[in-house]
Amino acid sequence: MMNTDIIDNKEKHQYELHVGKYMARIRYNKNDSGEIQLTHTEVPAALQGQGIAGALAKGALTIIRQEGLAVIPICPFIIKYMEKNPEWKDIAKKDV
């Protein structure tokens with residue numbers, strides 16, 4: 001079973017999902033206005049095609065919602081994910 005625990009690595013400014021010896025991540029920038037830019041999603045080749053990016057996006061967005069932040073999606077994957085999953089539109093800073 002895949003570990004779906006998302007880690008907010010504040011020091012590296014990224015959400016992480018560890019699967020065995022691999023790590024998928026979403027890089028971010030937070031500002032003092034309660035906004036977070038999701039800038040880049042990265043999944044190692046060995047994990048691609050397994051739903052890792054989607055699980056990571058869902059987990060990161062859940063954390064963001066819990067923290068009361070507004071998302072500014074910059075990463076093309078995150079934009080597409082939020083378009084396909086409208087339940088996240090309420091935390092989007094711009095239309096997706």
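Just so we're clear, the structure is a prediction, and the values are computed from it rather than from any experiment.
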Evaluate the side-chain proximity of [Y] to [X]: yes if any heavy-atom separation is below 4.5 Å, no if none is.
{"X": "Ile64", "Y": "Trp88", "result": "no"}
{"X": "Val19", "Y": "Gln50", "result": "no"}
{"X": "Ile72", "Y": "Asn29", "result": "no"}

Do the side chains of [X] and [Y] join up, straight or via other hydrophobic residues, at under 4.5 Å, putting them in one cluster?
{"X": "Leu56", "Y": "Leu47", "answer": "yes"}
{"X": "Ile52", "Y": "Ile7", "answer": "no"}
{"X": "Met23", "Y": "Ile78", "answer": "no"}

Closest non-hydrogen atom pair between [X] and [Y], with its separation:
{"X": "Val43", "Y": "Ala53", "result": "CG2-CB, 3.8 Å"}
{"X": "Ile74", "Y": "Ile79", "result": "O-CD1, 3.8 Å"}
{"X": "Ala24", "Y": "Pro44", "result": "CA-CD, 4.0 Å"}
{"X": "Ala55", "Y": "Leu17", "result": "CB-CD2, 4.3 Å"}
{"X": "Gly54", "Y": "Phe77", "result": "N-CZ, 3.8 Å"}
{"X": "Lys58", "Y": "Tyr81", "result": "CB-OH, 3.3 Å"}

To the nearest 0.5 Å, tell me how far [X] [atom1] sits from [Y] [atom2].
{"X": "Asn31", "Y": "Gln37", "atom1": "CG", "atom2": "CD", "result": "7.0 Å"}
{"X": "Arg25", "Y": "Lys12", "atom1": "CZ", "atom2": "NZ", "result": "7.5 Å"}
{"X": "Ile26", "Y": "Ile63", "atom1": "CD1", "atom2": "CD1", "result": "9.5 Å"}

Legend entry - Main-chain N/O of Arg27 paired to Thr39 side chain as donor or acceptor, under 3.5 Å: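 Side chain of Thr39 to backbone of Arg27: a pair is present.
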Legend entry - Plane angle bin for His13 and Tyr28 - parallel if under 30°, tilted between 30 and 60°, otherwise perpendicular: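 Ring orientation, 0 to 90° scale: perpendicular.
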Inset, instruction - Report, as yes or no, whether the 6.0 Å neighbourhood of atom NZ on Lys80 holds more than 12 heavy atoms from other residues, nucleotides or ligands. - result: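 Open: at most 12 neighbouring heavy atoms sit under 6.0 Å from NZ of Lys80.
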